[in-house]
*Asks:* 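One structure coming up, written as structure tokens, with questions to follow.
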2 protein chains.
Amino acid sequence: MLHDPAQLDLMFQALADPARRSMVERLSRGPASVSQLAEPLAMSLSAVVQHLNVLEASGLVRTEKLGRVRTCRIEPQALRAAEHWINERRLAWERRLDRLGDFLDETKDET
Amino acid sequence: MLHDPAQLDLMFQALADPARRSMVERLSRGPASVSQLAEPLAMSLSAVVQHLNVLEASGLVRTEKLGRVRTCRIEPQALRAAEHWINERRLAWERRLDRLGDFLDETKDET
DNA sequence: ACAATACTGAAGTAACTACTTCACTATTGG
DNA sequence: CCAATAGTGAAGTAGTTACTTCAGTATTGT
């Protein structure tokens with residue numbers, strides 16, 4: 001269920017923005033609050049919350065509110081899904097090149 | 001030089017569209033012309049060319065024109081760069097979880 | 001030579017994105 | 001209790017994206 005096209009759209013779209021990637025990068029080093037995520041970014045807190053909503057909708061980040069603090073953390077399964085899609089296509093291409101190489105080697109032997 | 005933020009923006013943005021992903025998927029099975037890429041897609045040839053330009057600008061696809069036919073193929077290094085970015089963040093997170101697990105195990109022993 | 005093929009490019013448009021500001025609501029520390 | 005903190009939500013706006021159509025240019029098969 002993580003492989004449907006719409007979910008991949010959301011995940012790659014989420015990763016396409018440098019502010020959101022920097023948030024993911026920060027979260028890869030451990031959970032953080034919204035303010036902590038916002039701190040290094042040159043934009044309003046509101047903008048950060050909007051980016052966070054995009055990340056959450058994509059499934060890449062999960063958040064949990066305790067008191068007045070929203071704690072954000074990475075969802076590694078979603079990262080894995082995006083990684084997997086790319087990996088499959090790259091491997092398909094590279095296997096193809098290998099077979100082509102084998103074929104060329106064989107036909108060379110036949111001369 | 002494949003790791004600069006702007007290039008990652010372009011690559012993830014390129015992968016965020018289902019039509020473009022279907023083009024990449026087709027190309028992962030071997031090179032194709034613009035018309036061949038367009039064939040399964042419910043949109044004008046012009047639209048396909050525009051998607052193709054996005055893919056080419058991202059570095060994910062390389063094209064070469066011979067006569068009136070533009071042949072498109074995948075650039076696996078670019079796919080690898082996108083894959084690598086995701087992988088690094090996921091691993092950072094998972095290593096963190098492992099260390100946390102070790103720490104919890106150790107402190108449990110100390111009771 | 002001429003028709004068909006394979007794109008290419010420009011202009012238009014509707015929807016979406018990445019912000020902004022401002023006003024607001026909880027929660028918490030003193 | 002009340003001021004500071006942490007975040008939420010709505011509205012507005014400039015810029016971008018994903019198409020469309022239509023008109024044009026090479027290239028190639030007959």
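All values below come from the heavy atoms of this structure, side chains included, with hydrogens, waters and symmetry mates left out. In the text below, chain A, chain B and the rest are named by the order of the sequence lines, each starting its count at 1. Just so you know, these numbers come straight off a predicted model, no measurement behind them.
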*Asks:* Tabulated below should be each protein N or O lying under 3.5 Å from an N or O of nucleotides 28-30 of chain D; please produce it.
*Replies:*
| from | atom 1 | to | atom 2 | distance (Å) |
| --- | --- | --- | --- | --- |
| D:dT28 | O4' | B:Arg68 | NH2 | 3.4 |

*Asks:* Return whichever of A:His51 or B:Ser33 has its heavy-atom-nearest nucleotide of DNA chain C closer to the 5' end.
*Replies:* B:Ser33

*Asks:* Let me test you: for the helix from C:dA1-D:dT30 to C:dG30-D:dC1, what is the angle between the axes at its two ends (five pairs each), rounded to 10 degrees?
*Replies:* 30°

*Asks:* Should A:Leu52 and A:Leu79 be regarded as members of a common hydrophobic cluster, given that ILVMFWY residues are connected when their side-chain heavy atoms come within less than 4.5 Å of each other, either directly or indirectly?
*Replies:* yes

*Asks:* For the backbone of A:Ala14 and the side chain of A:Arg20, can you confirm whether one donor and one acceptor N or O come within less than 3.5 Å of each other?
*Replies:* yes

*Asks:* Please identify each residue that fulfils side chain to side chain donor-acceptor pair (under 3.5 Å) with A:Arg73, with sequence neighbours left out.
*Replies:* none

*Asks:* Please list, by residue number, the residues of residues 16-24 of chain A whose heavy atoms come closer than 4.0 Å to an atom of DNA chain D; answer none if no residue qualifies.
*Replies:* none

*Asks:* Look at all strands and tell whether B:Ser44 reaches a base, only sugar-phosphate, or nothing, counting heavy atoms closer than 4.0 Å.
*Replies:* base

*Asks:* Nearest 0.5 Å, what's the CD-CD distance between A:Gln77 and A:Glu83?
*Replies:* 12.5 Å

*Asks:* Please determine whether residues A:Ile74 and A:Leu41 belong to a single hydrophobic cluster, defined as Ile, Leu, Val, Met, Phe, Trp and Tyr linked transitively by side-chain heavy-atom distances below 4.5 Å.
*Replies:* yes

*Asks:* Calculate the interatomic distance between A:Leu41 atom CG and C:dT20 atom P; express it in whole Å.
*Replies:* 11 Å

*Asks:* Return the value, rounded to whole Å, for the distance between atom CG of A:Asp9 and atom P of D:dT17.
*Replies:* 15 Å

*Asks:* Before you tell me yes or no, could you show the steps for B:Asp4 and B:Leu8 under side chain to side chain contact (heavy atoms under 4.5 Å, CB included), namely the whole-Å CA-CA distance, both residues' side-chain angles and the distance that decides it to 0.1 Å?
*Replies:* CA-CA 7 Å; B:Asp4 77 293; B:Leu8 284 170; over 6 Å; no

*Asks:* Using the ring of each side chain (for Trp, its six-membered ring), is A:Phe12 parallel, tilted or perpendicular to B:Phe12, with breaks at 30° and 60°?
*Replies:* parallel

*Asks:* Please name all residues satisfying salt bridge (charged side-chain N to carboxylate O under 4.0 Å, His left out) with A:Arg21, sequence neighbours left out, ordered by chain then number.
*Replies:* B:Asp9

*Asks:* Report the C-alpha distance between A:Arg70 and A:Glu64 in whole Å, list the side-chain angles of each, state the deciding distance to 0.1 Å, and finish with yes or no for salt bridge (Lys or Arg N to Asp or Glu O under 4.0 Å).
*Replies:* CA-CA 6 Å; A:Arg70 177 170 294 267; A:Glu64 191 186 1; over 6 Å; no

*Asks:* Looking only at side-chain atoms of B:Val69, point me to the closest of D:dT21, D:dT17, C:dA6.
*Replies:* C:dA6

*Asks:* Identify each atom pair where a protein N or O and an N or O of nucleotides 8-11 of chain D are less than 3.5 Å apart, giving names and distance.
*Replies:*
| from | atom 1 | to | atom 2 | distance (Å) |
| --- | --- | --- | --- | --- |
| D:dT8 | OP1 | A:Arg70 | NE | 2.7 |
| D:dT8 | OP1 | A:Arg70 | NH2 | 3.2 |
| D:dG9 | O6 | A:Ser46 | OG | 2.6 |

*Asks:* Taking the six-membered ring of A:Trp93 as reference, does the cationic atom of A:Arg96 (NZ for Lys, CZ for Arg) lie under 6.0 Å from its centre and within 45° of its axis?
*Replies:* yes

*Asks:* Do B:Leu55 and B:Leu45 land in one hydrophobic cluster if side-chain heavy atoms of ILVMFWY residues count as linked below 4.5 Å?
*Replies:* yes

*Asks:* When you check the side-chain N and O atoms of B:Thr63 and B:Glu56, is any donor under 3.5 Å from an acceptor?
*Replies:* yes

*Asks:* Rounded to whole angstroms, how far apart are CD on A:Gln13 and P on C:dA18?
*Replies:* 6 Å

*Asks:* Mind checking whether B:Leu91 and A:Val24 sit in one hydrophobic cluster, side chains of I, L, V, M, F, W, Y counted as touching below 4.5 Å?
*Replies:* no

